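These notes are about the structure you will find just below.
Because the structure is a prediction, the values reported are computed rather than measured.
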Amino acid sequence: MCGRYTLLIERAALEERFDARFVDSRDEPGTGSETGGFTPRYNMAPGQQLPVITNDEPETIRRLEWGLVPSWADDETGGIINARAETLHEKPSFRAAYERRRCLVLADGFYEWTETPDGKQPYRVAFEDDRPFAMAGLWERWEPDSETTQAGLDAFGGGRTEADDGTAGPLETFTVVTTEPNDLVSDLHDRMAVILEPDSETQWLTADDPRSLLEPYPADEMRAYPVSRAVNDPSVDEPWLVEPLES
């Protein structure tokens, strides 16, 4: 399972790498943020609004909530953070999104945990040079029914958009696709996030059936190292979280 990840790169370099730009209200002039509402992240967690590139806006980096809520769900609870690559095309929760709503989840590392005599130990998995990459993702748009919408934004948690009339707008969410682990990750977990080759990213967004891309990324250029157990707390998002533990 991919349940936490990192994005250490600065905004300008991230936009250049993916040839896309942040565009939302937090990026407007006068917001008081020199980085336009984006700063490096060291502990990205489910339920947060995180940067993705969707197939319908490939030149834009948007923030969607991590935890996919199917469009047909009765309510917005129980978002799904991971989707198995082997069953995307058949599972009701993912089938429509796989056909029409794919996305790139922007990252440069992810955390996995392994059992030790002292409890679970987190490891950060990344490329040796910490270069950014895209994980394969799916996204969805969930619309509240008319009765619920009239309750307004106070009836919902964070991450909701607001309609022109001041009521709650649609909830846009995403999930990270996982596959079998490579030789490096297999020592930590039995699944890993699908990391796309740079020249396959557009294909993931646009191809009719890109299942052939959903293979484990080769381990040759990757590393895994133990980090502080403070990463277990999603409220901790500090640079020292990605530093290797001293042996």
Exercise. Tell me the ring-ring contact (aromatic ring centres under 6.0 Å, His included) pairs involving residues 105-134, sequence neighbours left out?
Worked result: Phe127-Phe133, Phe127-Tyr217
Exercise. Counting N and O atoms only, with roles assigned by atom type, does the side chain of Asn55 sit under 3.5 Å from a partner on the main chain of Cys103, one being a donor and the other an acceptor?
Worked result: no
Exercise. Is the shortest side-chain N to carboxylate O distance from Arg124 to Asp130 below 4.0 Å?
Worked result: yes
For this session: For Thr116, enumerate each residue passing the side chain to side chain contact (heavy atoms under 4.5 Å, CB included) test, keeping only those at least two apart in sequence or located in another chain.
Result: Thr114, Asp118, Gln121, Arg229
Exercise. If you draw a 6.0 Å radius around CG in Asp74, do more than 12 non-hydrogen atoms from other residues or ligands fall strictly inside?
Worked result: no
Exercise. Testing Ile9, Leu7, Leu50 for side chain to side chain contact (heavy atoms under 4.5 Å, CB included) with Leu106, which one passes?
Worked result: Leu7
For this session: Among residues two or more places apart or on two chains, list those pairs meeting salt bridge (charged side-chain N to carboxylate O under 4.0 Å, His left out) that have a residue in residues 173-185.
Result: Glu180-Arg191
Exercise. Who passes side chain to side chain contact (heavy atoms under 4.5 Å, CB included) against Leu88, sequence neighbours left out?
Worked result: Ala83, Phe94, Tyr98, Leu138, Val177, Trp204, Leu214
Exercise. Can Met192 and Asn182 be said to form a side-chain contact (heavy atoms from CB on, under 4.5 Å), step by step?
Worked result: CA-CA 8 Å; Met192 70 175 289; Asn182 62 24; 3.8 Å; yes
For this session: Starting from the C-alpha separation in whole Å, work towards a yes-or-no answer on side-chain contact (heavy atoms from CB on, under 4.5 Å) for Tyr5 and Met135.
Result: CA-CA 10 Å; Tyr5 62 97; Met135 299 184 290; 3.9 Å; yes
Problem set entry | Minimum-distance pair of heavy atoms, taken over all atoms of Cys2 and Asn82 | N-OD1, 2.7 Å
Exercise. Taking NZ, NE, NH1 and NH2 as the nitrogens, is one of them in Glu201 or Arg17 under 4.0 Å from a carboxylate oxygen of the other?
Worked result: yes
Exercise. Taking only residues two or more places apart in sequence or in another chain, which ones pass side chain to side chain contact (heavy atoms under 4.5 Å, CB included) with Pro40?
Worked result: Glu10, Tyr42
Problem set entry | Co-members of the apolar cluster containing Trp72 [side chain, <4.5 Å] | none
For this session: Could you tell me whether a side-chain N or O of Arg41 sits under 3.5 Å from a main-chain N or O of Glu238, the two making a donor and an acceptor?
Result: no
For this session: Could you tell me whether Arg11 and Glu15 make a salt bridge, using a distance below 4.0 angstrom between a side-chain N and a carboxylate O?
Result: yes
For this session: Please check if atom CD in Glu57 has more than 12 non-hydrogen atoms from other residues, nucleotides or ligands closer than 6.0 Å.
Result: yes
Seminar exercise, completed: Closest heavy-atom pair, Asp108 versus Ala126, reported as atoms and distance to 0.1 Å, is O-CB, 3.4 Å
